[in-house]
Each structure stands twice: as structure tokens, then as C-alpha cells.
Amino acid sequence: MIAMSDIYEKIMDLAKRRGFIWPTSECYGSVAGFIDYGPLGSMMKRNIENIWRKFYIVSEGYYEIECPTIGQEEIYIASGHVKGFSDKMCQCPHCREYLRADHVAEGHQIQGASAMKSGELESVICSLPCPACEEVLGPVEVFSFNLMFQTTIGPGSQRTGYLRPETAQGIFTDFQRLLRFYRDKLPFGTVQIGKSYRNEISPRQGMIRLREFTQAEAEIFVHPAEKNHPRFHRYARYEMPLLGVPQQMAGLSPLSMTMQEAVEKGIVANEYVAYYLALTHDLLVSIGVSPERLRFRQHLPDERAHYAEDCWDAEVFSGRFGWVETVGIADRTDYDLRAHEQQSGERFAVFLPYEIPRRINRVRVIPNMGALGPRFRGSAKAVADALCACVPGPEGISLTIEGKEVLITPDLYEVREEVVEVPGEEITPHVIEPSYGIDRMIYAVLEHNYHEEIVDDEERRVLSLPAAVAPIQVAVFPLMNRDGLPEIAGEIADALRSRGILAEYDDSGAIGRRYRRQDEIGTPFAITVDYDTREDRTVTLRDRDSMRQVRTGIDGIPDLIRSLIDGTTSFVEL
RNA sequence: GCGCCGAUAGUGUAGUGGUUAUCACUAGGCGUUGCCAACGCCUAAACCCGGGUUCGAGUCCCGGUCGGCGCACCA
């Protein structure tokens with residue numbers, strides 16, 4: 001068993017040494033919050049993203065789009081990031097500590113500090129002591145620190161742009177186009193995988209908190225009154241541990257239950273949220289997150305955004321960092337679409353025709369303008385509007401027009417009962433949003449699959465990555481570097497490559513050393529060509545985790561490896 | 001950002017202000033080796049950056065960068 005305090009060092013050491021993850025631009029001294037994915041890390045990341053795509057695009061049918069990482073200011077005014085993503089900060093003139101100005105004020109029982117403007121805060125906190133050095137702050141400048149990277153678009157800095165702090169907004173701003181694409185029907189979903197940026201004040205914890213990170217987000221637009229997932233049955237009986245608000249309040253451990261139960265008992269708000277909780281569990285486990293180190297925690301009322309109906313985090317356990325939020329699944333209601341409606345002046349709604357147009361009996365008031373006009377002159381329009389908005393009785397009605405009460409007698413209007421046909425209704429969809437932090441998933445997969453064991457008095461380090469996640473899927477070795485064995489091994493490697501399988505050929509040094517090298521980078525299978533191969537065209541196929549070997553014919557190798565990677569065959573069956 | 005600690009080949013390390021910077025692993029080459037980091041020979045490879053003190057700095061001092069811990073911050 002590996003001491004948990006060491007695990008991060010061991011993972012990052014391996015990641016650095018073997019080309020998974022590097023500090024960025026080391027030759028100039030790297031920058032905190034940024035990392036480079038090396039060759040193996042890049043491939044592993046792409047594999048995980050492609051598994052994600054299998055779940056969301058192939059299986060759910062939600063197509064992917066790709067939007068710019070720089071967005072104009074209006075987008076982030078609408079999303080609330082310009083305002084809500086910034087903190088009022090100040091610097092203590094004595095100890096040069098950066099402080100949250102509103103926190104300083106609230107620390108001295110000053111109410112409403114978080115809503116104050118910079119100037120107000122300056123006058124409030126100047127008489128307060130610095131929480132760090134205890135000196136009275138004195139006159140300080142309060143400034144806004146926004147977590148978004150700001151830039152300008154075009155020359156002359158006329159136009160403010162921001163590096164996106166999440167990929168979601170691109171999907172919202174494309175809503176009308178997407179709605180057309182999906183031919184005006186609900187529900188539909190759209191996904192995006194890409195970089196997002198947050199200028200963290202002080203990023204620590206290596207790849208857990210990055211300033212540039214990769215998100216995979218899905219936005220699923222649903223009818224507000226129909227939050228039943230059409231394929232809920234797929235996961236209805238899927239059982240997993242849920243740490244709901246009541247469990248957290250009572251300090252209990254997560255409750256294991258099926259998604260059906262979770263929805264019926266009202267622990268999860270609706271089928272959609274429950275469905276993506278289960279899908280996320282399924283996805284994370286399939287990329288190699290250990291189920292024992294995975295839990296789903298519901299946001300407490302005070303950490304949940306005010307508009308969100310329900311919100312859950314998939315948290316993975318790290319020996320170093322504890323429970324780390326890795327995926328967020330939220331029912332964001334119509335908040336985002338309404339925000340963009342308001343900012344842009346465009347309509348972000350779906351017109352949904354009724355199956356049969358509804359006939360509605362309606363009472364309509366028709367003002368007699370011929371009579372109202374001469375009588376009320378300039379106020380006639382106001383009277384007519386007020387009249388239409390109410391239902392007058394048989395004796396007429398008393399209205400207050402421009403401060404004066406007037407009696408409108410029945411001869412000034414006509415009340416007509418009519419049947420109108422309503423073809424459908426316009427609704428603003430609700431958004432279900434599963435949002436994945438790819439970099440954290442990669443770290444979790446590395447940590448959960450790293451093993452050290454002693455084999456014949458030698459330490460063996462293994463990354464037990466699922467075959468579909470491993471950067472290199474198969475290694476091909478000639479047992480000896482002569483007698484025609486390298487040629488046969490080369491042919492096998494080529495045959496694998498022509499089937500789209502990433503195969504690494506290696507003929508250097510002892511066979512055991514070559515196996516161990518592949519173990520450390522998670523290559524699930526190794527093929528060794530030996531002297532028997534020349535006689536009977538069979539090779540040894542070795543399994544990384546069990547170190548077991550089987551003999552198999554050369555010609556079936558590409559198909560066999562393909563099915564082992566896909567999971568349609570497992571090594572133990574061979 | 002603040003405070004404390006650290007930084008030497010790819011990795012882990014040794015190194016009282018004074019030779020050509022130690023050792024192991026790793027990597028590359030050759031030989032050997034008939035399936036799990038074997039062995040032999042050879043080779044490559046480092047003092048984080050910038051100032052200062054000193055005849056002389058990997059070593060002492062100052063500043064920076066990066067990393068760790070604590071604080072603060074963290075849609």
C-alpha cells in the first residue's frame with residue numbers, strides 16, 4: 001500500500017518522467033496554473049475525451065459544437081461573470097497582504113458589505129485593522145479583481161473581450177441556431193469540449209486548480225414541465241451512493257440507492273438530473289475512476305446558485321487532496337436563456353404547437369371608439385386600453401384614468417364571447433447541465449490506477465489504465481534482436497497500426513525491462529515474438545495486470561487486440 | 001499575495017568558501033541473454049534565474065521564478 005501523502009509526488013514524478021504532464025515552458029521558468037500535456041498525456045486525454053463523446057454524442061445524440069475561447073463583453077455581462085466573478089480587493093499598505101475588502105468589513109459586523117461599491121468600502125474599512133498584521137488599514141484603494149482574463153479585440157483596444165471562464169455560454173448564445181438545427185423540438189442537447197480560463201489568484205495543487213483547463217460540458221434543453229428523460233429506463237435501476245443534503249446535515253455517509261428510488265423519494269429533483277448522475281458514474285468508472293473513491297454530493301442550499309433547482313457534484317477521492325469536485329450536474333432552469341434574452345433583446349424561446357390546436361372561450365371587450373373618442377378626447381386611448389384589460393359588469397365599470405375616476409357605461413363598449421384557436425405555446429426551456437473537468441478526471445484516473453507491487457524482490461510500478469484510456473494500447477517485442485525476429489515483430493506492429501491501433505515496437509535490452517517500461521505507462525497488452533513464432537506463427541500475448549501470458553496466432557492478432565480494447569473480449573477468457 | 005521551507009544530470013541524491021561536482025537508477029550504443037527492471041564494456045547528461053560579498057560561490061547575502069506547507073483566495 002502506498003502512503004497517501006506520497007501519492008501525488010509519485011504520480012507527478014511518473015507523469016513528468018514518462019511524458020504525461022510537464023510544467024509549461026520550463027526553459028523560461030514555468031508559470032503556476034498552466035501545464036503541458038506531453039505525448040502520452042495528450043493521447044490519454046484524447047482517449048478520455050473520446051469516451052466522453054461516446055457517452056454524450058453517440059449514445060445521447062447530442063451534437064458537438066466549437067465556439068471561440070474569446071468572447072465579447074456582452075456575453076459575460078449576461079452570464080453574470082463580469083459582475084459575479086469579480087471580488088473587491090485591497091492591499092494592506094503595511095504587510096502588503098491582499099485582502100477581500102468585503103470580508104474585512106464583515107469581520108467587523110458591518111452589514112451588506114458584499115453589495116457595497118468600491119468607494120463605500122474604502123470609507124468603511126479605512127478605520128479597521130488588517131486581519132493579517134493587525135495594523136489599522138488607513139486609506140486604501142479598493143479595486144475589482146476579476147477572475148476572467150481580459151483582452152481587447154482589434155487594434156486601438158475599442159472592444160473588450162474575455163477568455164471564456166466556461167464553455168457553456170457558447171452553447172447558450174447559439175441557442176436559436178441550435179433550435180433550428182434540431183428542427184424546433186424539445187428536448188435537445190449540445191456539447192462542447194474545450195479550454196476555459198480562470199485567472200486564479202493563487203493556484204496550487206498542481207493540476208487540480210489550473211488557470212487554463214479543459215471542460216466537457218453538455219447543455220440539455222428540456223420542457224420545464226417535462227423533466228422525464230425519454231430513456232430513463234436505461235439507468236432507472238442503476239444503483240450508486242448519494243450524499244444528499246439531509247445526509248450531510250446529519251453527518252451521515254452516502255446512501256446507496258437506485259435512480260428510480262432517488263427520484264421517487266425526492267432526493268434528486270427529476271429524472272434528467274438523476275439520469276446524468278448515473279451516466280456520469282458509469283462514465284467515470286469506465287475511464288478508470290475507482291467506484292470506492294467516487295461519490296455524488298448534493299450542493300447545500302448556501303452553495304447552490306440561487307436559480308439552480310438542484311445541483312450535484314461528482315467528487316473523486318484523492319489521497320492528497322481529499323474529495324475533489326470533478327463533475328457538476330445542475331438543473332439551471334431557464335436562468336441562462338432568460339439572461340441572454342434580456343441582454344441581447346432576442347427571443348430565446350421555443351414555440352411548441354399543440355397536437356390539436358386548443359379552442360379557448362374568451363371574453364373580449366371591444367371599445368366603441370366612435371363614442372369614446374369625442375367623449376374623452378386625448379384620454380380615449382388610455383380608457384380603451386384600461387377597458388380591454390378588465391371585464392366590465394352589466395352596469396358598466398368605474399375606471400381610474402389619469403388620476404380621475406370615470407364611469408364607463410355599457411354603451412361605450414361591446415362585450416363579445418368568442419372561441420379562438422390557440423395553435424401552441426411559447427416556452428423558455430430549462431437547461432440541465434453536466435459539466436466535466438477533464439484535467440481533474442485525468443489526475444483521478446492516474447492516482448486511482450497507480451500501483452506498486454513487489455515481484456521477485458523488484459518493485460513493479462503499474463498504471464492499470466483501462467485499455468481504451470491507455471495512451472499506447474499494445475507493445476510488440478522481438479524476444480531477441482536477431483534471427484529474423486525483429487522483422488516478424490515489425491510486421492505485426494504494422495498490421496496493428498493499419499487497423500488504427502497504436503502499437504509501440506521495442507527491441508532494446510532484456511524482455512523483462514521492456515515489459516516493466518510498458519507497465520509504468522499503462523500499456524495493457526504486449527506481444528512477444530520468439531523462436532517458435534518462426535515455426536508455427538504464434539506469439540505470446542501478455543496481460544499487464546495479471547502478467548499472465550497466452551499463445552495466440554499472428555493472423556488473428558489485430559482483431560483480438562481490437563476486441564480486447566473495446567472490451568468485447570476479456571483477457572481471462574483467452 | 002503574506003509567512004515558513006525547499007530547488008544539483010531524465011529521476012533520486014552527496015557535496016566545511018578552494019582540483020575535472022559524488023553515487024545510484026534511468027537513457028543511448030555494443031556484447032551477452034530463449035519471457036518479467038539479469039550481466040559486462042562504453043557513452044551522454046546537472047548546480048533554477050538575476051544581482052551582491054569574496055582572490056575565489058553549488059555553498060554566504062539580497063531579489064525574482066517555480067514547488068511544498070500554513071493563512072488568505074477558490075464559478
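Proteins get letters first, then strands, A, B, ... in listed order; numbering begins at 1 in each. Just so you know, these numbers use all the heavy atoms, side chains as well, and skip hydrogens, waters and symmetry mates.
Separation of the P atoms belonging to B:C42 and B:A24 is 13 Å when rounded to the nearest angstrom. Rounded to whole Å, the separation between the P atoms of B:G10 and B:A45 comes to 10 Å. Distance check on atom P: B:C71 versus B:U19 gives 45 Å, rounded to whole Å. Taking atom C1' in both B:G29 and B:G12, the straight-line distance is 25 Å, to the nearest Å. B:C73 and B:U59: their P atoms are spaced 38 Å apart (whole Å). Comparing the same atom, C1', in B:U65 and in B:C49 gives a spacing of 7 Å after rounding to whole Å. Distance noted for atom P between B:G28 and B:G18: 38 Å (whole Å). With C1' as the reference atom, B:A46 and B:U26 are 14 Å apart, rounded to whole Å.
The partner of B:G3, taking Watson-Crick or G-U wobble pairs whose two distances both stay under 3.5 Å, is B:C69. Across all strands shown, B:U16 forms no Watson-Crick or G-U wobble pair with both key distances under 3.5 Å. With a 3.5 Å ceiling on both atom-pair distances, B:A37 lacks any Watson-Crick or G-U wobble partner. Remark: B:G56 base-pairs with no nucleotide; criterion is Watson-Crick or G-U wobble with both hydrogen-bond distances under 3.5 Å. Pair check for B:C74 finds none; no Watson-Crick or G-U wobble contact set falls under 3.5 Å. Of the nucleotides present, B:C49 is the one that pairs with B:G63 by Watson-Crick or G-U wobble criteria, both distances under 3.5 Å. With a cut-off of 3.5 Å on both pairing distances, the Watson-Crick or G-U wobble partner of B:C25 is B:G10.
In this structure, A:G29 and A:P165 both approach RNA chain B, and ranking their closest nucleotides by distance from the 5' end singles out A:G29. Both A:Y28 and A:L147 lie close to RNA chain B; mapped to their nearest nucleotides by heavy-atom distance, the more 5′-ward contact belongs to A:Y28.
Nucleotide B:U8 holds its P atom 12 Å from the CD atom of A:E26, rounded to whole Å. Between the CD atom of A:E9 and the P atom of B:C66 there is a distance of 18 Å, rounded to whole Å. Spacing between atom CE of A:M12 and atom C1' of B:A7 amounts to 17 Å, rounded to whole angstrom units. What separates CZ of A:R211 from C1' of B:C73 is a distance of 12 Å, to the nearest Å. Summarising the geometry, the separation between CG on A:D13 and C1' on B:U26 is reported as 11 Å, rounded to the nearest angstrom.
Separation of the A:Y505 and A:F477 ring centroids does not fall under the 6.0 Å cut-off. Between A:F348 and A:F172, the gap from one ring centroid to the other reaches at least 6.0 Å.
Counting heavy atoms from C-beta outward, A:R338 and A:T428 have side chains that approach closer than 4.5 Å.
Heavy atoms of A:R209 sit under 4.0 angstrom from at least one base atom. Across all strands shown, A:E325 has heavy atoms under 4.0 Å from base atoms, whether or not it also approaches the sugar-phosphate.
In this model, a donor atom of one side chain and an acceptor atom of the other lie less than 3.5 Å apart for A:R517 and A:S508. A donor atom on one side chain and an acceptor atom on the other are not found under 3.5 Å apart for A:E535 and A:Y531. Between the side chains of A:Q215 and A:S196, at least one donor N or O sits under 3.5 Å from an acceptor N or O. For the residue pair A:Y436 / A:T280, a side-chain donor-acceptor distance below 3.5 Å is found, with atom types taken as modelled.
A cation-pi arrangement is absent between A:R461 and A:Y450, since the terminal nitrogen or guanidinium carbon is not both under 6.0 Å from the aromatic centre and inside a 45° cone about the axis.
Checked options A:R548, A:Q549, A:Q518; the residue passing with A:R542 is A:Q549 (criterion: side-chain contact (heavy atoms from CB on, under 4.5 Å)). Tested against A:T552 for a side-chain contact (heavy atoms from CB on, under 4.5 Å), the candidates A:L574, A:T540, A:I561, A:I557 yield a single pass: A:I557.
Between A:R164 and A:P68, the shortest heavy-atom distance links the atoms NH1-O, 3.5 Å.
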Tell me, for nucleotides 40-51 of chain B in 5' to 3' order, what letter each nucleotide earns: B for a base near a protein heavy atom under 4.0 Å, S for only sugar-phosphate near one, - for neither? ------------
Return a single string for nucleotides 28-39 of chain B, one symbol per nucleotide in 5' to 3' order, where B is base contact, S is sugar-phosphate-only contact and - is none, cutoff 4.0 angstrom on heavy atoms. S----BBBBBB-
